[in-house]
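First up is the structure itself, then whatever we jot down about it.
Just so we're on the same page: letters track the sequence lines, and every chain starts at 1.
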There are 2 protein chains.
Amino acid sequence: MHPLRRVRIQPDMDFEKRLEWFRNECAAAGLPCTHQREVLYRALVEAKDHPSPEMLYERVKRKIPSISLGTVYRNIKIFLDHGLIGEVSLHHGSLRLEANNEPHHHLVCRHCRKMFDLPAAGVHAIRLRRALPEGFQVERFVVEAHGLCQECAAPKKRRSN
Amino acid sequence: MHPLRRVRIQPDMDFEKRLEWFRNECAAAGLPCTHQREVLYRALVEAKDHPSPEMLYERVKRKIPSISLGTVYRNIKIFLDHGLIGEVSLHHGSLRLEANNEPHHHLVCRHCRKMFDLPAAGVHAIRLRRALPEGFQVERFVVEAHGLCQECAAPKKRRSN
DNA sequence: TTATTAGATGAGAATTATTACTATCTTGTC
DNA sequence: GACAAGATAGTAATAATTCTCATCTAATAA
Ligand SMILES: [Mn+2]
Ligand SMILES: [Mn+2]
Ligand SMILES: [Zn+2]
Ligand SMILES: [Zn+2]
């Protein structure tokens with residue numbers, strides 16, 4: 001409704017702009033914008049290293065020494081559910097294994113998180129448009145096609161996905 | 001040394017062939033080829049679903065009811081260390097977060113597991129060579145460039161990587 | 001402002017995933 | 001078959017995450 005509500009967030013946006021966006025998103029979602037949430041969000045915006053919940057907890061404790069790890073986890077989940085932040089991988093939580101040690105890619109269902117092989121031959125070689133940053137030596141590219149598997153995409157009888 | 005030792009494993013190889021390969025690899029690595037290991041390896045070859053350690057444990061228990069979960073984890077690690085099997089993701093174990101919710105890719109160091117952003121604009125669009133299997137609906141492609149970061153690639157003073 | 005109240009917080013217990021410890025048992029070798 | 005290195009099962013310990021609940025706070029209306 002408010003014109004600022006739906007502003008798109010940009011990587012180079014300064015923090016005040018992002019905080020404004022964050023507050024609008026919280027309001028739109030009916031989430032109280034607590035001090036803890038703002039400090040957590042700021043720590044995420046300032047982080048350049050894809051922190052873990054524990055790392056985030058350590059950083060946020062400097063600003064709010066009494067904050068609890070439970071609050072960090074609880075809000076991480078809420079932020080993720082509302083698309084306010086992103087998680088790097090769909091596969092954290094448990095090791096997933098396969099005997100196939102030939103390089104290949106995967107289809108990953110974002111709902112049930114099942115994984116299906118996508119043979120390397122089925123994907124054209126990955127090509128970069130520009131040089132990589134800062135001396136990183138790439139050994140191979142791994143592709144994940146994220147989406148919905150047949151089961152999760154099908155309109156269900158009863159339960160929705 | 002033995003001509004069979006270095007045979008390359010193929011996805012369509014039958015299990016007897018793979019088992020032979022497995023035994024040779026164990027011998028080459030000085031690993032006793034125990035009954036537990038063979039049954040674990042067979043379960044991995046037969047699995048099409050990228051099982052977790054717990055799933056593997058459940059399956060293997062049907063063949064060896066007395067096997068312990070510790071044995072499953074211990075051998076998974078050994079198999080991985082020797083390249084006998086693969087793991088799907090470098091990111092299991094802990095959630096990793098970022099405020100940047102624009103789609104983008106990552107450089108991932110296989111040694112220290114640090115992650116660096118690779119803007120989507122820096123990679124040409126992913127193109128498939130053939131149709132996807134079985135009705136999977138792709139929403140987006142995520143690329144990970146695996147390799148070594150500057151620090152881990154540099155020839156260290158003392159400790160090796 | 002103040003009162004109200006839905007929902008958030010901190011503390012700690014509980015659960016899940018993984019690793020470590022150790023006495024006993026196998027595998028590979030002679 | 002005997003030996004030694006290393007593996008196993010069972011169990012304790014640790015790490016990662018979620019849950020429970022008494023108390024507190026942000027958002028709203030009076
Ligand atoms: Mn696979
Ligand atoms: Mn990123
Ligand atoms: Zn699915
Ligand atoms: Zn590194």
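Two residues, B:P65 and A:H92, neighbour DNA chain D, and the one matched to the more 5' nucleotide by heavy-atom proximity is B:P65. The residue among B:G70 and B:S94 whose nearest nucleotide of DNA chain D is located toward the 5' end is B:G70.
In this structure, A:H124 has its ring center no closer than 6.0 Å to that of B:H124.
For DNA chain D, the residues of residues 71-80 of chain B within the heavy-atom distance limit of 4.0 Å (strictly under) are B:T71, B:R74, B:N75, sorted by number.
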Taking only nitrogen or oxygen atoms into account, show me every contact under 3.5 Å that the protein makes with nucleotides 25-30 of chain D, one pair per line with its distance.
| from | atom 1 | to | atom 2 | distance (Å) |
| --- | --- | --- | --- | --- |
| D:dA27 | OP1 | A:C33 | N | 3.0 |

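Taking atom CG of B:L56 as the reference point, atom C1' of C:dA17 lies 15 Å away to the nearest angstrom. For A:K61 and C:dA11, the NZ to C1' distance is 13 Å, given to the nearest whole Å. Computed from coordinates, the A:I64 CD1 to C:dA11 P distance equals 12 Å when rounded to whole Å. Distance CG (B:D81) to P (C:dT19): 11 Å, rounded to an integer number of Å. Here C:dT16 presents its P atom at 18 Å from CG of B:L95, a figure rounded to the nearest Å. Distance, A:Y41 OH to C:dA8 P: 18 Å, rounded to whole Å. When rounded to the nearest whole Å, the span between CD of B:E58 and C1' of C:dT16 equals 14 Å. Nucleotide C:dA17 holds its P atom 12 Å from the CE atom of B:M55, rounded to whole Å.
With sequence neighbours left out, A:H91 forms a ring pair (Phe, Tyr, Trp, His ring centres under 6.0 Å) with no residue at all.
B:G93 comes within 4.0 angstrom of the backbone, heavy atoms only, and of no base. Within 4.0 Å (heavy atoms only), B:L69 reaches at least one base atom of the nucleic acid.
Between the side chains of A:H146 and A:E144, at least one donor N or O lies within less than 3.5 Å of an accepting N or O.
Between the CG atom in B:L40 and the OG1 atom in B:T71 there is a gap of 8.0 Å [rounded to 0.5 Å].
Under the 4.5 Å side-chain criterion, counting only non-hydrogen atoms from C-beta, A:E54 is not in contact with B:S94. By the 4.5 Å heavy-atom criterion applied to side chains, A:F79 and B:L97 are not counted as neighbours. The shortest distance between side-chain heavy atoms of A:R96 and A:M115 falls below 4.5 Å.
Within the 3.5 Å criterion, the main-chain N or O of B:P119 finds no donor-acceptor partner in the side chain of B:D117. Under the 3.5 Å distance criterion, the side-chain polar atoms of B:R37 are matched with a main-chain donor or acceptor of B:P32.
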